[in-house]
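One structure is given below, encoded as structure tokens.
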Amino acid sequence: MEGNGSIDMFSEVLENQFLQAAKLVESHLDSEIQKLDQIGEDELELLKEKRLAALRKAQQQKQEWLSKGHGEYREIASERDFFQEVKESEKVVCHFYRDTTFRCKILDRHLAILAKKHLETKFLKLNVEKAPFLCERLRIKVIPTLALLKDGKTKDYVVGFTDLGNTDDFTTETLEWRLGCSDVINYSGSLMEPPFQSQKKFGTNFTKLEKKTIRGKKYDSDSDDD
């Protein structure tokens with residue numbers, strides 16, 4: 001009987017705690033509703049105007065980005081184009097590629113998706129054979145390499161797939177996370193949790209290097225020619 005009494009007392013205490021919590025929540029909701037009821041028409045109009053102004057500003061920013069070639073993954077023809085494109089935009093991702101490197105095609109697929117998602121960033125690609133001076137200046141040795149630029153300056157590089165889980169099967173989300181780590185896109189996820197950490201399989205095809213001579217310059221490639 002004594003045991004049952006203890007259980008009943010515990011249940012009563014627990015029930016009281018739940019009731020008190022419910023009253024607090026209800027009181028808070030009542031307070032918030034009262035605040036809303038007290039907002040006058042002038043204040044509501046002001047809030048609406050602020051919201052509309054923010055929307056108009058966002059739309060103008062979007063149109064400005066689109067006018068500068070954001071929103072699509074584009075190939076540029078020359079080193080001169082590179083400097084012009086970088087000068088126009090605050091954030092730029094440029095893929096230095098070669099036609100015969102199949103891992104460049106893997107990157108192409110993911111970059112095309114991200115270009116549409118992240119209008120704040122310009123996504124470009126440039127054939128290394130058309131940019132010997134630029135490759136030397138940026139010390140690009142491994143193909144593919146992504147140069148990540150901010151305010152006209154090279155901030156970081158993604159060299160091969162090492163930072164992407166070391167696998168050809170990395171996800172678009174993994175590349176998005178890596179770009180977010182360099183603040184070259186507006187990343188909404190957690191930078192402390194790389195998406196590839198949850199993948200069970202890590203790549204085994206990322207060990208072979210080859211040497212290619214392009215206009216007298218040697219480039220390392222992380223893949224065979226097609």
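Between T101 and P144, the shortest heavy-atom distance links the atoms CG2-CD, 4.2 Å. A pairwise comparison of heavy atoms in F170 and T167 identifies CD2-O, 3.3 Å as the closest pair. The nearest pair of heavy atoms linking S190 to W177 is O-CD1, 3.9 Å. In terms of heavy-atom proximity, V86 sits nearest to G152 at CG1-CA, 3.6 Å. Scanning all heavy atoms of the two residues, the minimum distance from E88 to K122 falls at OE1-NZ, 3.3 Å. Closest approach of G180 to L191, counting heavy atoms only: C-CD2, 3.6 Å.
Between N127 atom CG and I76 atom CD1 the span is 11.0 Å, to the nearest 0.5 Å. Interatomic distance, H118 NE2 to F123 CZ, rounded to the nearest 0.5 Å: 6.5 Å. Remark: L126 CG to C135 SG distance equals 7.0 Å, nearest 0.5 Å. Put simply, CZ on R139 and OG1 on T154 are 11.0 Å apart, with the number rounded to the nearest 0.5 Å. Expressed to the nearest 0.5 Å, how far OH of Y157 lies from CG of L138 amounts to 4.5 Å. For the atom pair CG (L124) and CG (L149), the distance works out to 9.0 Å, reported to the nearest 0.5 Å.
Sorted by first then second residue, the salt bridge (Lys or Arg N to Asp or Glu O under 4.0 Å) pairs that include residues 173-187, not counting sequence neighbours, are K117-E176, K150-D183, D156-R178, D163-R178. The stretch residues 61-74 participates, sequence neighbours left out, in these side chain to side chain donor-acceptor pair (under 3.5 Å) pairs: E64-K68, H70-S89, Y73-H95, Y73-D108, R74-E85.
Contact of the V158 side chain with the V93 side chain is not registered, since no non-hydrogen atoms from C-beta on lie closer than 4.5 Å.
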Worked verdict on L107 versus K125 for side-chain contact (heavy atoms from CB on, under 4.5 Å): CA-CA 10 Å; L107 269 180; K125 63 186 295 189; over 6 Å; no
Derivation and outcome, side-chain contact (heavy atoms from CB on, under 4.5 Å), residues L114 and T121: CA-CA 9 Å; L114 292 177; T121 303; over 6 Å; no
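The hydrophobic cluster containing L119 does not contain I185, counting ILVMFWY residues as joined when their side-chain heavy atoms lie under 4.5 angstrom apart, directly or transitively. Y97 and F102 fall into different hydrophobic clusters, where Ile, Leu, Val, Met, Phe, Trp and Tyr side chains are chained together by heavy-atom contacts under 4.5 Å. Following chains of ILVMFWY side-chain contacts shorter than 4.5 Å, one cannot reach F161 starting from I113, and the two form parts of different hydrophobic clusters. Linking ILVMFWY residues whenever their side-chain heavy atoms come closer than 4.5 Å, directly or via other members, places I106 and L146 in the same cluster. Residues I140 and F83 fall within the same hydrophobic cluster, defined by Ile, Leu, Val, Met, Phe, Trp and Tyr side chains chained together at heavy-atom separations under 4.5 Å.
The hydrophobic cluster containing V25, built from Ile/Leu/Val/Met/Phe/Trp/Tyr side-chain heavy atoms closer than 4.5 Å, also comprises L29.
Under 3.5 Å, the side chains of R80 and S78 contain no donor-acceptor pair of N or O atoms.
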